[in-house]
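Every chain is numbered from 1 and lettered A, B, ... according to where its sequence line falls, protein lines coming before strand lines.
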Protein chains: 2
Amino acid sequence: MTDLELEKFKRVLNDENLKLTPQRVEVFREVCNSDEHLEAEEIYLSLKQRKVNISRATVYRTMDILYQHDLVQRMDIGDGKWRYEHWLDCHQHDHLICIRCGTIVEFVSHQIEEIQQDVADKFNYKLLRHVHQLFGLCKQCRKTPMSVI
Amino acid sequence: MTDLELEKFKRVLNDENLKLTPQRVEVFREVCNSDEHLEAEEIYLSLKQRKVNISRATVYRTMDILYQHDLVQRMDIGDGKWRYEHWLDCHQHDHLICIRCGTIVEFVSHQIEEIQQDVADKFNYKLLRHVHQLFGLCKQCRKTPMSVI
DNA sequence: GTGAATGCAAATTGTTTGCATCGTG
DNA sequence: CACGATGCAAACAATTTGCATTCAC
């Protein structure tokens, strides 16, 4: 967690009249210091392991604040749980997901962004955000025959 | 529900040694005869209203069979429930979703498909499927000021 | 008639909420 | 020291599952 990130977080809390508690800082630190796409439960367990006094409820409540203020990004790969990643100074990107091992790779395509905008224009929609996920087998997993699963 | 669709369904059930029950047929009919993106609960309620004797469990179990055999497509717009649409003789398409009124429009872009494939190739992934959803405000909803919500 | 399918209710999973207590500003 | 934040457990919502009963083949 960089000073910049912490500053941004403090500013958000201040602006919203929310308090800077140790739990909130630790949750934010956890996401900032990871390059994974973390589930709420993973954040909770990781903090517990680090002997941080925290409850699941606080993790969920904090993730909500962070998401609402664009300090983290969240995604749902269709299994009914949110995965979070740090977002500050991050460019918009999309995801390539291995359905075998779960590895997630990020990609960016300006071309796709442009076409998306054209599609929205065509239907007279004001485009606000998008979800673009490619599912497949990663380099490793495509080698292994399916029968090994 | 066309005869062709029913035939395909019967063949799937036969191949899998599953039985052709009235409940299964009614669930399939419900999806085939709608152009909406239906939730399991909507299918259940709609059948109940039509006096079909059915339980939620059977709806869920049947949707699973239909999905596993490509008789329906399903999508998750991030609210934790599956939405189903009939899929037979359907071309692959993606969705444009109004976050205000929930209207869902379908779109196809061959250009995007191509770029997706390039992206997957670049990372050495074998591309199997994708999710591409554009969220925004539809023609009607973009007119109404946010404060009216 | 037999094994698979159904309905029901209870279980599961990820998340949210009510409430008494705690602690930041 | 007030009011927002926390932890806990109970509540939720969508879906799944166990089991006794029913029914298609």
If you look only at distance, which donor and acceptor atoms sit under 3.5 Å apart when one is on a side chain in residues 129-139 of chain A and the other is two or more places apart or in another chain?
from      : atom 1 : to        : atom 2 : distance (Å)
His130(A) : ND1    : Gln116(A) : NE2    : 3.4
His130(A) : NE2    : Asp94(A)  : OD1    : 2.9
His130(A) : NE2    : Asp94(A)  : OD2    : 3.2
His132(A) : NE2    : Gln116(B) : OE1    : 2.6
Gln133(A) : NE2    : Asp76(A)  : O      : 3.1

Glu16(B) CD to dA24(D) P: how many Å, rounded? 20 Å
Between P on dG14(C) and OH on Tyr84(A), what's the gap in Å once rounded to a whole number? 13 Å
I want to confirm an ordering. Mapping Trp82(B) and Leu20(B) to their closest nucleotides on DNA chain D, which one lands closer to the 5' end? Trp82(B)
Any side-chain N or O of Tyr60(B) below 4.0 angstrom from OP1/OP2 of dT16(D)? no
Let me have a per-nucleotide readout for nucleotides 2-13 of chain D, 5' to 3', with B, S or -, counting only protein heavy atoms under 4.0 Å. -BSSBBB-----
Going by the rule ring pair (Phe, Tyr, Trp, His ring centres under 6.0 Å), which residues pair with His37(B) if we only count those two or more places apart in sequence or in a different chain? His95(B)
Residues passing the side chain to side chain contact (heavy atoms under 4.5 Å, CB included) test with Asp118(B), sequence neighbours excluded, are none
Sequence neighbours excluded, which residues qualify as side chain to side chain contact (heavy atoms under 4.5 Å, CB included) partners of Gln68(A)? Asp64(A)
Restricting to side chain to side chain contact (heavy atoms under 4.5 Å, CB included), what partner residues turn up for Lys81(B), sequence neighbours left out? Glu39(B), Asp79(B), Arg83(B)
When the rotation axes relating C1' atoms of four end pairs to the next four are compared across the helix from dG1(C)-dC25(D) to dG25(C)-dC1(D), five pairs an end, they differ to 10° by 30°
Side-chain atoms of residues 3-20 of chain B: list all donor-acceptor pairs with protein atoms under 3.5 Å, sequence neighbours left out, distances to 0.1 Å.
from     : atom 1 : to       : atom 2 : distance (Å)
Glu5(B)  : OE1    : Thr2(B)  : N      : 2.8
Glu5(B)  : OE1    : Thr2(B)  : OG1    : 3.3
Glu16(B) : OE2    : His69(B) : NE2    : 2.9

Could you list the donor-acceptor pairs under 3.5 angstrom formed by side chains in residues 48-56 of chain B, with sequence neighbours left out?
from     : atom 1 : to       : atom 2 : distance (Å)
Lys48(B) : NZ     : Ile54(B) : O      : 3.2
Arg50(B) : NH1    : Glu30(B) : OE1    : 2.4
Arg50(B) : NH2    : Glu26(B) : OE1    : 2.3
Ser55(B) : OG     : Thr58(B) : N      : 3.3
Ser55(B) : OG     : Thr58(B) : OG1    : 3.2
Arg56(B) : NE     : Glu41(B) : OE1    : 2.8
Arg56(B) : NH2    : Glu41(B) : OE2    : 2.9

Using a distance-only test with no angle check, is there a side-chain donor-acceptor pair under 3.5 angstrom linking His86(B) and Asp35(B)? yes
Rounded to the Å, how far apart are Tyr67(B) OH and dT16(D) P? 12 Å
